[in-house]
Amino acid sequence: RKTDYDAKFIARIAQLIVLPVPAVTVEASDTALTIPADVPAGVVAVTAKNTGQEWHAVIFRRLNEGVTPEQFAAAFAESPFGSLALTTQLGGPDMAPGASTSGYFHFQPGAHVLVDNATAPPRFVPFTVAASTEAAAAPPAAAVTVEMKEHAFIMPEEIKAGAQWWQFTNTGQNVHQMGIVKLAAGKTLDDVIAWNETGEGPEPLEWVEFWNVMSPGVTSWGELALPAGTYWVLDFLPDPTREGQSNMALGMAKEIVVTE
């Protein structure tokens, strides 16, 4: 019937329409952290740029319901890590000087903060996510999917080299993060675990990529470009239920091979 044909035609056209994704740019320098004061809700494309001479982090966090900006600021000043209890963590990259990283984040309406914990002391800037009347856009199709949970990374053991979209999802009960590193010459995973627990001595690794802390149930996307080689994927955070043992010591350590 004609009405059936029309409905199928409209549905097919809807599938072919690619909705534009709202985009914002974030800049981290050695003296300032900038983001637009207002960001639309929904899936947003973020370009993060490090224009400084030091490493910087870009971490998006949404204030939990009932938490005021003043309460967050006081908690952050006392303990940036302790303030995690007041927010939902959405992830974000660490960046070397001069680097730029693209990502997609699903923002919900409300008060947010952009945190850089790579500085001393750590810093943050507030921004607001406003409800949007635009149709929901879709995130990119991911070539690599990473699932983080207690206590494992569920992801491919072999990955192609070059720039591609990674999808990060925390399916666990605690916050998680993902660091990609190369071991220093003569060092082992046990050396990294010991260094992570004590912080003593030179770093037994080379930092390559880093996707910051994410709360349970959160998914975000980042474009990473790994050269061919062998890497370790690690979660450096402590497990709050295991008397301070690190997630990596409990199993969140995975060796991957990147091929041409």
J.: Between Asp239 (side chain) and Asn247 (backbone), is there a donor-acceptor pair under 3.5 Å?
T.: no
J.: Consider only side-chain heavy atoms of I, L, V, M, F, W and Y, link residues closer than 4.5 Å, and tell whether Leu63 and Val175 are in one cluster.
T.: yes
J.: Any side-chain heavy-atom pair from Gln177 and Met214 closer than 4.5 angstrom?
T.: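 Not in contact.
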J.: How many angstroms lie between CE in Met178 and CE in Met155, if you round to the nearest 0.5 Å?
T.: 6.5 Å
J.: Determine whether Ile35 and Val125 satisfy the following criterion, side chain to side chain contact (heavy atoms under 4.5 Å, CB included), listing intermediate values before the conclusion.
T.: CA-CA 8 Å; Ile35 185 174; Val125 292; 3.9 Å; yes
J.: Would you say the side chain of Glu158 lies within less than 4.5 Å of the side chain of Thr259, judging by non-hydrogen atoms?
T.: yes
J.: So, the side chain of Glu197 versus the backbone of Gln245: is there a donor-acceptor pair under 3.5 Å, distance only?
T.: no
J.: What closest approach, in Å, do Ala48 and Val58 show between heavy atoms, and which atom pair accounts for it?
T.: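 Looks like CB-CG2, 4.0 Å.
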J.: When you group the ILVMFWY residues by side-chain heavy-atom contacts below 4.5 Å and let the links chain together, are Val43 and Trp166 in the same group?
T.: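 No, because Trp166 and Val43 fall into different hydrophobic clusters, even though each may have its own neighbours under 4.5 Å.
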J.: Sequence neighbours excluded, which residues qualify as side-chain contact (heavy atoms from CB on, under 4.5 Å) partners of Glu203?
T.: Trp195, Leu205, Trp207
J.: Does Val146 reach the side chain of Phe153, with side-chain heavy atoms less than 4.5 Å apart?
T.: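 Yes. Closest side-chain heavy atoms under 4.5 Å.
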J.: Enter the distance from Met95:CE to Glu209:CD here, rounded to the nearest 0.5 Å.
T.: 11.0 Å
J.: To the nearest 0.5 Å, what is the distance between CZ on Arg62 and CD on Gln108?
T.: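 The CD atom of Gln108 is 4.0 Å from CZ of Arg62, to the nearest 0.5 Å.
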J.: For Met252 and Glu150, run side chain to side chain contact (heavy atoms under 4.5 Å, CB included): C-alpha distance rounded to whole Å, both residues' side-chain angles, the deciding distance at 0.1 Å, then the answer.
T.: CA-CA 8 Å; Met252 295 193 73; Glu150 300 79 42; over 6 Å; no
J.: Report, one line per pair, each donor and acceptor closer than 3.5 Å where one atom sits in a side chain of residues 218-232; sequence neighbours left out.
T.:
from	atom 1	to	atom 2	distance (Å)
Thr219	OG1	Thr169	OG1	2.9
Ser220	OG	Leu90	O	3.1
Ser220	OG	Trp211	NE1	3.0
Trp221	NE1	Gln167	OE1	3.1
Tyr231	OH	Pro227	O	2.7

J.: Mind checking whether Asn117 and Pro80 have side chains closer than 4.5 Å, heavy atoms only?
T.: no
J.: Short question: side chain of Gln89, backbone of Thr87 - any donor-acceptor pair under 3.5 Å?
T.: yes
J.: Using a 3.5 Å distance criterion without hydrogens, assess whether the side chain of Asp30 forms a donor-acceptor pair with backbone atoms of Gln53.
T.: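 It does hold such a pair.
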J.: If a pair satisfies salt bridge (charged side-chain N to carboxylate O under 4.0 Å, His left out) and one of its residues is in residues 119-133, list it, with sequence neighbours excluded.
T.: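 Listed by first then second residue: Asp116-Arg123.
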J.: Side chains of Val44 and Phe105, heavy atoms from C-beta outward: is any pair under 4.5 Å?
T.: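 The answer is no; the side chains never approach within 4.5 Å.
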J.: Mind checking the OG1-NE2 spacing from Thr51 to His56? Nearest 0.5 Å is all I need.
T.: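 Answer rounded to 0.5 Å: 7.5 Å.
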J.: Between Phe81 and Phe76, is a side chain to side chain contact (heavy atoms under 4.5 Å, CB included) present by the stated rule, with each step listed?
T.: CA-CA 8 Å; Phe81 187 79; Phe76 190 87; over 6 Å; no
J.: Determine which pairs satisfy side-chain hydrogen bond (donor to acceptor under 3.5 Å, both in side chains) with at least one residue from residues 37-50, sequence neighbours left out, and list them in order.
T.: none
J.: What are the two closest heavy atoms between Leu234 and Ala253, and how far apart are they?
T.: CD2-CB, 3.5 Å
J.: Which pairs count as salt bridge (charged side-chain N to carboxylate O under 4.0 Å, His left out) when at least one residue sits in residues 179-196, sequence neighbours excluded?
T.: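 Counting only pairs at least two positions apart or across chains, no salt bridge (charged side-chain N to carboxylate O under 4.0 Å, His left out) contact touches residues 179-196.
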J.: Which is it for Phe124 and Leu114 under the side chain to side chain contact (heavy atoms under 4.5 Å, CB included) test, yes or no, and what are the steps along the way?
T.: CA-CA 5 Å; Phe124 76 90; Leu114 172 63; over 6 Å; no
J.: Quick one: side chain to side chain donor-acceptor pair (under 3.5 Å) partners of Ser246, sequence neighbours excluded?
T.: none
J.: Where the side chain of Gln71 meets the backbone of Thr68, is there a donor-acceptor pair that is under 3.5 Å apart?
T.: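 Yes, Gln71 side chain to Thr68 backbone: donor-acceptor pair under 3.5 Å.
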J.: Say whether Val39 and Val46 are linked into one hydrophobic cluster, either directly or through other cluster members, by side-chain heavy-atom distances under 4.5 angstrom.
T.: yes
J.: About how many Å separate OG of Ser215 and CG of Asn64, when rounded to the nearest 0.5 Å?
T.: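 Rounded to the nearest 0.5 Å, the CG-OG separation comes to 7.5 Å.
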J.: Could you tell me whether the side chains of Glu147 and Thr171 share a donor-acceptor contact shorter than 3.5 Å?
T.: yes
J.: Return each pair, listed once, that meets ring pair (Phe, Tyr, Trp, His ring centres under 6.0 Å) where at least one residue sits in residues 241-260; pairs must be two or more places apart or across chains.
T.: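 Listed once each, the pairs would be none.
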J.: Using only atom types and a distance under 3.5 Å, with no angle test, would you say the side chain of His151 pairs donor to acceptor with the backbone of Lys149?
T.: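 No: the side chain of His151 does not pair with the backbone of Lys149.
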J.: Kindly compute the distance separating CD1 (Ile159) from CD1 (Ile256), expressed to the nearest 0.5 Å.
T.: 4.0 Å
J.: Does one hydrophobic cluster hold both Leu183 and Val233, with members joined at side-chain heavy-atom distances below 4.5 Å?
T.: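 No, Leu183 and Val233 fall in different hydrophobic clusters.
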J.: Please give me the minimum heavy-atom distance between Leu33 and Val115, naming the atom from each residue.
T.: CD2-C, 4.3 Å
J.: Side chains of Asn174 and Pro216, heavy atoms from C-beta outward: is any pair under 4.5 Å?
T.: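 SC-SC contact between Asn174 and Pro216 ruled out.
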J.: How about Pro69 and Pro126: do any of their side-chain heavy atoms sit closer than 4.5 Å?
T.: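 Heavy-atom side-chain distance check fails, nothing below 4.5 Å.
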J.: Taking salt bridge (charged side-chain N to carboxylate O under 4.0 Å, His left out) as the cut-off, I'd like each qualifying pair that reaches into residues 82-92, sequence neighbours left out, listed once.
T.: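 Every candidate salt bridge (charged side-chain N to carboxylate O under 4.0 Å, His left out) pair involving residues 82-92 fails, so no pair, neighbours aside, qualifies.
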J.: What do you reckon, is CD of Gln173 surrounded by more than 12 foreign heavy atoms closer than 6.0 Å?
T.: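 Check fails, neighbour count at 12 or below.
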J.: Could you pull out all residues at least two apart from Asp94 that satisfy side-chain contact (heavy atoms from CB on, under 4.5 Å)?
T.: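 Testing Asp94 for side-chain contact (heavy atoms from CB on, under 4.5 Å), a comparison that skips the adjacent residues, returns Trp55, Ala57, Phe210, Asn212.
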J.: Give the intermediate values and the outcome of side-chain hydrogen bond (donor to acceptor under 3.5 Å, both in side chains) for residues Thr34 and Glu27.
T.: CA-CA 5 Å; Thr34 60; Glu27 182 177 332; 4.6 Å; no
J.: What residue among Leu84, Leu86, Val213 forms side chain to side chain contact (heavy atoms under 4.5 Å, CB included) with Arg61?
T.: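 Answer to the side chain to side chain contact (heavy atoms under 4.5 Å, CB included) test with Arg61 among Leu84, Leu86, Val213: Leu84.
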J.: Holding to side-chain contact (heavy atoms from CB on, under 4.5 Å), I want the full list of residues that pass it with Pro36, two or more places apart in sequence or in another chain.
T.: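 Per chain and number, Pro36 pairs via side-chain contact (heavy atoms from CB on, under 4.5 Å) with Val24.
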J.: May I ask you to check whether His112 and Phe60 place their ring centres under 6.0 Å from each other?
T.: no
J.: In terms of hydrophobic clustering (I, L, V, M, F, W, Y; side-chain heavy atoms under 4.5 Å; direct or indirect links), are Val181 and Ile193 co-clustered?
T.: yes
J.: Verify, without hydrogens or angle tests, whether Gln164 (side chain) and Lys160 (backbone) share a donor-acceptor contact under 3.5 angstrom.
T.: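 Checked: pair present.
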J.: Among residues at least two apart in sequence or on other chains, which ones pass salt bridge (charged side-chain N to carboxylate O under 4.0 Å, His left out) with Lys254?
T.: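 Lys254 satisfies salt bridge (charged side-chain N to carboxylate O under 4.0 Å, His left out) with Glu157 only.
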J.: Name all residues meeting the side-chain contact (heavy atoms from CB on, under 4.5 Å) criterion together with Thr31; count only those two or more places apart in sequence or in a different chain, and write none if there are none.
T.: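 side-chain contact (heavy atoms from CB on, under 4.5 Å) list for Thr31, sorted by chain: Ser29.
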